[in-house]
Amino acid sequence: MQAIKLGVVRNRNYRSADGFHIYTDGGSGQMDWMHPATPRRILFWEDAPLMAGHLLAGHVMAQHLDSVWIDGHLEGTHLLDEFLLPATTIFYETDLFVFGRFRHAVVTEDSLGNATTDGVVVCQTVINSEPGQANDFLPISYDSQNDRLTFSFTLSERLTG
């Protein structure tokens, strides 16, 4: 079983109340645009309070301008998109899958819930992992008319969680 890890890059275009949902086809081949896989909107700036002006980007939310502490400017993807903007990647991990071709899409949503799927890129991942071995495999009955055995077993913990 395997989970799919999706990374979404935040940048200046998103305010502290904006976020995104992950949509999936669940392996069926048809995207379900009505029911997101995420239980709630994932905020781009989850740890930033709602503020006005340039503070919406979250740049000064952690003692950035009034401290002498190391603030991480040269770590990760701080200058990924634009000057002095702390761009970073927000990760979302899906449920565990056993086998199939799974499609996912990231749909951004503003603070009022406005979202559109026009132009959204759909990513595809192939999972090819076998389920774990069953336990306590025992014959429990025999049907002599059909020459058929019936067995009992305990599912793999990887399939039952």
Side-chain angles (χ1 to χ4, degrees), residues 1-132 134 155-161:
M1 296 182 75
Q2 181 180 337
I4 299 171
K5 191 173 187 179
L6 303 166
V8 179
V9 177
R10 70 178 180 195
N11 61 26
R12 170 181 226 152
N13 300 331
Y14 305 112
R15 298 187 300 208
S16 56
D18 297 340
F20 63 90
H21 277 290
I22 304 289
Y23 289 85
T24 184
D25 69 347
S28 69
Q30 290 286 4
M31 291 295 289
D32 182 2
W33 297 110
M34 299 302 293
H35 305 96
T38 47
R40 62 172 179 80
R41 181 176 65 223
I42 299 171
L43 297 177
F44 285 107
W45 301 99
E46 189 169 29
D47 47 358
L50 297 176
M51 297 181 182
H54 73 284
L55 299 182
L56 288 171
H59 187 67
V60 296
M61 66 186 181
Q63 296 182 347
H64 179 75
L65 296 179
D66 61 351
S67 70
V68 292
W69 299 345
I70 297 173
D71 59 9
H73 265 86
L74 302 178
E75 296 175 8
T77 57
H78 185 76
L79 301 176
L80 181 67
D81 286 327
E82 299 177 46
F83 179 69
L84 292 181
L85 290 175
T88 190
T89 304
I90 301 167
F91 290 101
Y92 174 77
E93 194 166 302
T94 66
D95 293 333
L96 297 175
F97 299 111
V98 175
F99 180 82
R101 185 180 311 258
F102 300 92
R103 297 169 32 179
H104 291 87
V106 176
V107 176
T108 57
E109 186 176 288
D110 66 13
S111 60
L112 300 176
N114 298 318
T116 181
T117 57
D118 295 341
V120 170
V121 176
V122 177
C123 299
Q124 181 171 267
T125 306
V126 175
I127 303 291
N128 187 11
S129 61
E130 62 184 39
L155 287 175
S156 165
E157 289 184 19
R158 290 175 57 192
L159 290 177
T160 60

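Atom set for the values below is all heavy atoms of this structure, side chains included, hydrogens, waters and symmetry mates excluded.
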### Query
Looking only at heavy atoms, what is the nearest atom pair of His21 and Pro36, with distance?
ND1-CB, 3.7 Å

### Query
Can you list every pair that meets salt bridge (charged side-chain N to carboxylate O under 4.0 Å, His left out) and has a residue in residues 112-122, with sequence neighbours left out?
none

### Task
Quickly, which of Leu6, Leu43, Val106 forms a side-chain contact (heavy atoms from CB on, under 4.5 Å) with Phe20? Name it, please.
Val106

### Heavy-atom donor-acceptor pair, Thr94 side chain to Ile4 backbone, under 3.5 Å
yes

## Note on the structure
Between the NE2 atom in His104 and the CG atom in Asp25, the distance rounded to the nearest 0.5 Å is 7.5 Å

### Message
Please determine whether a side-chain nitrogen of the Lys or Arg among Glu93 and Lys5 lies less than 4.0 Å from a carboxylate oxygen of the Asp or Glu.
### Response
no

### Task
Could you label the plane-to-plane angle of the Phe97 and Phe102 rings as parallel, tilted or perpendicular, counting under 30° as parallel and over 60° as perpendicular?
parallel

### Task
Could you grab the distance from atom CZ of Arg41 to atom OG1 of Thr108, nearest 0.5 Å is fine?
10.5 Å

### Message
Atom CD of residue position Gln30 - does it have more than 12 heavy atoms of other residues, nucleotides or ligands inside 6.0 Å?
### Response
no

### Task
Report, as yes or no, whether the 6.0 Å neighbourhood of atom CG on Asp110 holds more than 12 heavy atoms from other residues, nucleotides or ligands.
yes

### Message
Give me the atom names and distance for the closest heavy-atom approach of Met31 to Ala105.
### Response
CE-CB, 3.8 Å

#### Entry: Arg103 backbone acceptor or donor facing Thr24 side chain under 3.5 Å
yes

### Message
Measuring only between side-chain heavy atoms, which start at C-beta, is Val8 closer than 4.5 Å to Phe44?
### Response
yes

## Note on the structure
Rounded to the nearest 0.5 Å, the OG1 atom of Thr116 sits from the CD atom of Glu109 at a distance of 11.5 Å

### Message
Assess the residue pair Val98 and Ile127 against the criterion (side-chain contact (heavy atoms from CB on, under 4.5 Å)); give the C-alpha distance rounded to whole Å, side-chain angles, the decisive distance to 0.1 Å, and a yes or no.
### Response
CA-CA 7 Å; Val98 175; Ile127 303 291; 6.0 Å; no

#### Entry: Closest contact, heavy atoms only, Ser111 versus Asp18
N-OD1, 3.4 Å

#### Entry: Note, Tyr92 side chain near Ile22 side chain (heavy atom, < 4.5 Å)
yes

### Query
Are Tyr23 and Thr117 close enough that some pair of their side-chain heavy atoms sits under 4.5 Å apart?
no

